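Written out below as structure tokens is the structure these notes cover.
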Number of protein chains: 2
Amino acid sequence: MRGTWKGTATASVLGMTAAPRQGSRIQQKNRRVILQAALSEFSTRGFNGTTIDRIAETASLSKPNVLYYFPSKEAIHLQLLETHLDLWLDPLRALSATGEPREQIMGYMRRKLDMSRNYPQESRLFANEVLQGAPHLERIMAGGLHDLVAEKAAIIADWIAQGRIAAVDPHHLIISIWALTQHYADFEVQVRAVLGQTRDPFAEAERFLDHLYSRMLAL
Amino acid sequence: MRGTWKGTATASVLGMTAAPRQGSRIQQKNRRVILQAALSEFSTRGFNGTTIDRIAETASLSKPNVLYYFPSKEAIHLQLLETHLDLWLDPLRALSATGEPREQIMGYMRRKLDMSRNYPQESRLFANEVLQGAPHLERIMAGGLHDLVAEKAAIIADWIAQGRIAAVDPHHLIISIWALTQHYADFEVQVRAVLGQTRDPFAEAERFLDHLYSRMLAL
DNA sequence: TGAATTGTTGACCAAATGGTCAGGATCAGG
DNA sequence: CCTGATCCTGACCATTTGGTCAACAATTCA
């Protein structure tokens, strides 16, 4: 009984088809509620700042009940990282070699900005993780991420070679999109403190980044 | 005895002249060693992930001895934030209304990038803090930071009004410099994973960002 | 309906951790 | 070299926290 589905926790590692959410109605609901509560906690307090008690309270469950569905705090954390990793990388995957280069790159930027706007908790979850040396993501990052970025960087390099966009380092171009878009989610309190309460950071960011990348990529 | 210099911990809050490092030789040395060790720990493990025991070990002191020099873990953390806040804001303070606009802005960007290169631990210390809602920096940020940025943004707005640089939102321009430069320190593991082991992130970043801001600010 | 499976929890435990304290070591100045 | 102030530490304490377990409740299904 204990740890029965420990296996499924590591099922949908990357592009794998998510295991068919097995389990009873009640099981599905509680697992979902726990993950939702845990995401909220982990994203604002980090792994070490989060207690199972708080997750349980936020999820309106008892602590032992939380541990009935997940074998450990770390398992919940890992599950969250794995579940959202695809969501996190999809915008880049969608960058296609066919299609207008500037449209593709600016589209990627906009998708990433939308992610920051609509999923700030997920962004902070990863930010916390990477900030502390990515203890859990190391394997995934060293493998999949590097290759994915290399693949897309090659596409951009082609565009440059064909004289379709300005010559910039493709890797740093991608990194700059991460930095500029995720910053608005990860450091939202700072951004809001600087902009004041009446301004809309994301709406303004979109215009600003549009301008920025238009300028940078223009020939 | 206990907590004798608790007062000095909040002495150099912002632009104040640092209190004349009072204390015996041995006192100065141990305080410095403790802060150095604590910075190393806090920056990579965050506040909650850091234990006084580890700080003590890293500093080659006993735990009670650490608590002899600082009243609590939080006091060490606060002291670090306060001590480095000026260092953190100085690059922006140096942005001057007199002087060539593009030089000033690009100079600011380069100073920030140098900070990320030379003081990555300090960068991560603040990143951890801001990521989690800046529980300690709130007062300082809401006050000093907002005003400082507003002041510099006004300078940039003037330059734009005078047609000396391209029209971009000054606040977001400053935020973009934070995002792009700090990203290389805060998410260094990710950047290195993506770029591979043989490349030099900061050297490349400098050229990339030079290009980026040259392009964006050009008329 | 009743047995088997699944879901839930109060009570508990061991380890980690922030912090205290009394007393001993060390050092500076007279 | 004596004394008071400074410096240091082993032992200890209370709380927090991740995790366990036996037993009880609910649900499913034959």
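If you're wondering where the values come from, they're calculated on a predicted model, not measured in any experiment. Lettering follows sequence order; numbering is per chain, from 1. Worth knowing before you read on, the calculation uses all heavy atoms, side chains too, and leaves out hydrogens, waters and symmetry mates.
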ask   = Between B:I26 (CD1) and C:dC27 (P), how many Å, whole number?
value = 7 Å

request  = First locate atom CE of A:M109, then atom CG of A:D114, and finally report the distance between them rounded to the nearest 0.5 Å.
outcome  = 10.0 Å

task = Figure out the OH/P separation between A:Y69 and D:dG19, and round it to whole Å.
result = 18 Å

note = Taken to the nearest whole Å, CZ/A:R54 to P/D:dT16 is 13 Å

ask   = Does B:Q27 place a side-chain N or O at less than 4.0 Å from the phosphate oxygens OP1/OP2 of D:dT6?
value = no

ask   = Within the distance-only criterion (no hydrogens, no angle test), does the side chain of A:Y213 pair as donor or acceptor with the backbone N or O of A:I177 below 3.5 angstrom?
value = yes

Using a 3.5 Å cut-off and no angle test, enumerate the donor-acceptor pairs between side-chain atoms of residues 194-205 of chain B and protein atoms at least two apart in sequence or in another chain.
from, atom 1, to, atom 2, distance (Å)
B:R199, NE, B:E204, OE1, 3.2
B:R199, NE, B:E204, OE2, 2.9
B:R199, NH1, A:H171, ND1, 3.2
B:R199, NH2, A:D169, OD2, 2.8
B:R199, NH2, B:E204, OE1, 2.8
B:D200, OD1, B:F202, N, 3.2
B:D200, OD1, B:A203, N, 3.4
B:E204, OE1, A:H172, NE2, 2.6

key: Note: A:R93-A:D86 ion pair, threshold 4.0 Å (strictly below)   = yes

inquiry  = I'd like to know if the side chain of A:S123 reaches the main chain of A:S116, judged simply by a donor and an acceptor atom lying under 3.5 Å from each other, with no hydrogens or angles considered.
reply    = no

message = At less than 4.0 Å, is any side-chain N or O atom of A:S24 found next to OP1 or OP2 of D:dT28? Yes or no.
response = no

ask   = Nearest to the side chain of A:P64 - C:dG7, D:dG10, C:dT9?
value = C:dT9

ask   = CG of A:N65 versus P of C:dT9: gap in Å, rounded?
value = 5 Å

request  = Please identify each residue that fulfils salt bridge (Lys or Arg N to Asp or Glu O under 4.0 Å) with B:D210, with sequence neighbours left out.
outcome  = B:R110

message = Protein within reach of the bases, or only the backbone? For nucleotides 12-19 of chain C, mark each nucleotide 5' to 3' as B, S or -, using heavy atoms under 4.0 Å.
response = -----SBB

key: Length of the CG-C1' vector between B:N30 and D:dT6, whole Å   = 12 Å

ask   = Where the side chain of B:Y68 is defined as all heavy atoms beyond and including C-beta, which of D:dA11, C:dG7, D:dC7 is the nearest nucleotide?
value = D:dC7

key: Rounded distance in Å - CD (A:Q28) to C1' (C:dG7)   = 15 Å

request  = Take atom NZ of A:K29 and atom P of D:dT27, then tell me their distance rounded to the nearest Å.
outcome  = 11 Å

message = Between B:E57 and B:K63, does any side-chain N to carboxylate O distance fall below 4.0 Å?
response = no

